[in-house]
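Side chains included, hydrogens not; waters and symmetry mates left out as well; all remaining heavy atoms used. Quick note on labels: first sequence line is chain A, next is B, and so on, each numbered from 1.
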Amino acid sequence: MKDSLKNQELRNRQYIIILIVLSVAFIYIIQLFYIQIADSSYKENADSNAFLKKVIYPSRGLLYDRNEQLYVSNQPVYDLMIIMREIQGFDTLSFCKMLNINQEEFDNRIEEIKDKRKNRGYSRFTPQIFMSQLSVAEYGKIQEQLYKFRGVYAQQRVLRKYTTPHGAHAIGSVGEVNQQQIDADSYYSRGDYKGQSGVEKEYETYLRGEKGVEILLRDAHGRIQGVYKNGERNKAPIAGKNLTMTIDMGLQEYGEQLMIKKLGSIVAIEPSTGEILALISSPSYDPHLLVGRERSKNYNALLKDPFKPLFDRPLMAMYPPGSTFKLVNGLIYQQEGVITEDTRFSCRMGYYYSRTRKLGCHPHPNNLDLRESVQHSCNAYYCHGLKGLLDSPPSGISTTESYNHWRNHVLSMGFGKKLGVDFPNEKGGLILESNRYDRIYGKNKWKSSTIISIAIGQGEVLATPIQTANLAALIANRGYFYTPHIIKKIEGDSIDKRFREKHQTTIEQKYFDPIIDGMLMAVEQGTGRVGRIEGIEICGKTGTAQNPHGKDHSIFMAFAPKENPKIAIAVYVENSGFGATWAVPIASLMIEKYLTGTVDTTKLNRKNLQKRMLETFLIE
Amino acid sequence: MSRKVSLFRSLDWITILLYVTLVTIGWFAIYSSTYDFENPTILNFSARHGSQLIWIGFAFLLALITILIDSKMYNNLAYIIYFLIILLLIATIFLAPEIKGSRSWLKIGPITMQPAELAKYATALCLGKFMSSYNFTLNSIKNMFLVGFIILTPMLIIILQQETGLALVFAAFFLVLFREGMNGIFMVLAFLGALFFVLFLRYDYISSSSNSYILESFGFVIVFILSVISVGIMIAYYLKDNRQMLQFIGGNAILYLLTGILHLFGIEAITYTITAYISISLSILYLFIMALLQKQKKYFLFIIFLIGSIALCNVTDYFFNNVLQPHQQMRIKVVLGLEDDPLGAGYNVRQSKIGIGSGGLLGKGFLNGTQTKLNYVPEQDTDFIFCTIGEEQGFVGSIVVLFLYIALIIRLVILAERQRSSFSRIFGYSVLSIIFFHVAINIGMVIGLVPVIGIPLVFLSYGGSSLWSFTILLFTFIRLDANRMEILHQ
């Protein structure tokens, strides 16, 4: 009896054993639940283990000039990628030999890759750039040996290639993204390229295309085991969109040649569309300098150049517009009723704006009307006009109000603010607001004599060359302009509608005629005589921008032909003195080149002019 | 003929069905884990999944043979089989070539086999035979000694073969002994022993506080505190004296409190480790005096327990630092979370956990596992086969496999309990305990709860040796069970 009781107790132990089994199972289920469902980090780990996401870079959009001539294209290069985790047991010696580097360089490079301060995205598990931008030839030499090195592979990249060494400023350059740019846009990752200036920067989103990805399966030894799901999840890269620029490559090249060894800029615009025909900043540089492995070295050298070749003068240099600004005033005086086309003012070698103070003028016939004042660029004429406008406005308004009217007219002609061109870093120039004068001189304490220099485009007036070219264009159009732009066509897309929007100035069309007549006279027999071309009616205006730091800047703005104008142009030649000497001939040659396709060198005067422009060096 | 028909009818088909299901799942898992993305093949007998199919065919044949053998044979031959296997085990040490540091694989013609796998079978038979002998009782010291001898002999030889993992499985017989009448206190002590071992290692050598320059072993402190609390509970349980328990535990608590106050005043010379020793020594002294005063023998048991704790800590300390190989130390440290060694000892477990963890709820689908197929998980078709299931079949698949094992084990408990003969019952419990230990250690290892111990997952892992020995083990019991009505109660 006792025995069977004992047996019964032992039989019950089966339940304890079952309980132990169930407890263990329970703990295991909790752990399984934890790692499989609650914690998602394992999934990510598995993916980063197994999937080698190989980026396939799209080819960058090509650039054509306005005549559909290829301007900028691509060339393949190869980045040598290395995955640190996988390079154990690596034959460093033959690797160095293959790449033609020594052990020390190898060690330094590896140190650099591992340095998290320099290489923030470093991970042992992801590909790092060991050597970038090997050319096709360099890659060809090592291609056959690459398989020997585990954890090393070549990644194809795309670099820019230029048909001509011209137009560097307009096109801009492409460079590796910096950390800031990576943080700002998730499209980019380390080592990617991005447009850093010019069209390349402005139209980056069109040009870059979309990166593709190839998902490869990688085993524990880093060996590629094939394409994941037969490439079902791969994404083909989408090539960037091709762009057609408004630039005329021939004109651009010619302009750069004319500006060789001179400081300054040329902007040529088609008045009827606002398309920029040439955009020259001198000195320029060969765009190839900013491509490839030498980029940063060359970039630094250009940066240190005292003549600032990287400075985009047409858009960023602000000069007093000088006499070219008289056209603006001439238009406003008429619109505000201060003068008519027949109004005459006397000039005795200048304008006395107080008993003792005179704003000088150069010798020319006295008592000119509006047309003649343009022709001879008379300073006094415009000072009288300003006096009439500000001190005794015909409509009986106050000086301040009249100044505000003046300013509105000026702004409507594209001055004093950014034009909104499709270019980065554009500057807006300067036209002061009336309250600034209030602050300087006191409310109602200023009149025409206080700010007399704005009458002739000096003093508190600053404009960029492109704004001056735009002025030429809007005068050519008799009162309206299109925002200047450099891209004509985007493949499969249309250009921004702001470039197809007509900007009407506040000046009535009829007031343009006397001004244009005066401009024609200036070229035919006035200040711009040297630019005259047989058979082409050029309307132009010289200018001299005072330069407190040295010799004045020579300015000329013009459009041609007078009727149905095809080209408006502004030429700035720095430190070259009076406008007629340098700016006028260059503008004239440019106009002839564009309108006739060539410069007629059978005519001796044209031939000599061209020779002088091409061969005179204002800087060394 | 009629005898055979009745034999097949009396087989436990539930167990057989569970067996076939697990073996089938195993084959698919092996197929998947050796699947090559580049060169997919349906069936190839030179590939791992192909050979496994052959091993499975042989296993079924072995199962049939095992069933056809007269069940009395097992009982009669038990000692001889045990003796022969022990000889084979010893011979293996000298005959086997060294593979990965162990000498446990014998190569006979095209077949390599591990005699250690068969040792479990032989030990189970031998233990069954010995413990079912007339008037056997575990309470006799002599019997305890002999039982220990039967279990420990093959275990020690296997340790000599450098197959610690397989040797560890012999601890499974502990469950059998428990079922057959071993005092439950041994189970409690074994549990406490394991717990103290783990806690000691986990908290050994940790600085006592951030500003302290004295390195203290909190292992001692924690184990000694728990030992004292355990003795307090024993006092309450065995002596039915709750007041004394409170005094005993409270007295010790005051000692630790005083140390804490001293530390507050900046006197850190008396560390908690010293206090722990003072506390446990005073406790022993107290219990000794009480034993003399109250003339209660039980106090001596408590004293032995406390001395045992001191011994355990010191032996563990010595054993861990001086006996275990560095790689074994590392494996234990990784599981205890003391070391993070993702590329060394922790690599296998980490990759295996990534594999299972990435499976999610429903898994990546058959043949779609990347961790297992791209060789991130080592031993992916042998010891880490469960990883393939976890990755491709997810939480649901893992649970299903786990439940199949639980079902099998519980079914075997039911079968064992319905045996009339002690031999069959003891053998049955041996079988289920061995299966349970294998499954618990293997899956525990794969999901990172148990140190890496290289033992295969029953019925699932690739390899003939393991599959065959488990098949023989299981089907011998099925055979015995089928015959249970014919054997008189012994």
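Scanning all heavy atoms of the two residues, the minimum distance from A:Gln31 to B:Ile447 falls at NE2-O, 2.7 Å. Nearest heavy-atom pair across A:Ala25 and B:Ile406 is CB-CD1, 3.2 Å. B:Ser398 and A:Leu32 get closest at one heavy-atom pair: CB-CD1, 3.8 Å. Residues B:Ala440 and A:Val24 come closest through the heavy atom pair CB-CG1, 4.1 Å.
Contacts between B:Phe395 and chain A at a heavy-atom distance below 4.5 Å involve backbone atoms as well as side-chain atoms. Of the two parts of B:Leu175, the backbone and the side chain both hold a non-hydrogen atom closer than 4.5 Å to a non-hydrogen atom of chain A. Interface remark: A:Ile18 contributes side-chain atoms only to the contact with chain B (heavy atom separation under 4.5 Å). Both the backbone and the side chain of A:Ile20 have a heavy atom closer than 4.5 Å to some heavy atom of chain B. Heavy atoms of A:Ile29 lying under 4.5 Å from chain B belong to its backbone as well as its side chain. With a threshold of 4.5 angstrom between heavy atoms, A:Val21 approaches chain B through its backbone and through its side chain. With a 4.5 Å cut-off on non-hydrogen atoms, B:Tyr429 touches chain A through its side chain but not through its backbone. At a 4.5 Å heavy-atom cutoff, the contact between B:Phe386 and chain A is made by side-chain atoms alone. Of the two parts of A:Phe33, the backbone and the side chain both hold a non-hydrogen atom closer than 4.5 Å to a non-hydrogen atom of chain B.
Chosen from B:Leu361, B:Val439, B:Leu432, B:Ile414, the residue pairing most often with chain A at heavy-atom distances under 4.5 Å is B:Leu361. Options B:Gly394, B:Gly363, B:Ala416 differ in how many heavy-atom pairs under 4.5 Å they form with chain A, and the most are formed by B:Gly394.
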Quick one: do A:Phe26 and B:Leu402 satisfy side chain to side chain contact (heavy atoms under 4.5 Å, CB included)? Show the steps, please. CA-CA 10 Å; A:Phe26 181 67; B:Leu402 209 53; over 6 Å; no
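Checked by atom type and distance alone, the side chain of A:Arg13 pairs as donor or acceptor with a backbone atom of B:Phe178 at under 3.5 Å. With hydrogens and angles disregarded, no donor-acceptor distance shorter than 3.5 Å links the side chain of A:Tyr42 to the backbone of B:Ile356. The closest donor-acceptor contact from the side chain of A:Gln36 to the backbone of B:Gly390 lies under 3.5 Å. Side-chain atoms of A:Gln14 do not come within 3.5 Å of backbone N or O of B:Arg179 as any donor-acceptor pair.
Atom CD1 of residue A:Ile27 and atom CD1 of residue B:Ile443 lie 13.5 Å apart, to the nearest 0.5 angstrom. Summarising the geometry, atom CG belonging to A:Asp39 is positioned 11.5 Å from atom OG belonging to B:Ser358; distances are rounded to the nearest 0.5 Å. The distance from the CD1 atom of A:Ile17 to the CE atom of B:Met187 is 7.0 Å, given to the nearest 0.5 Å.
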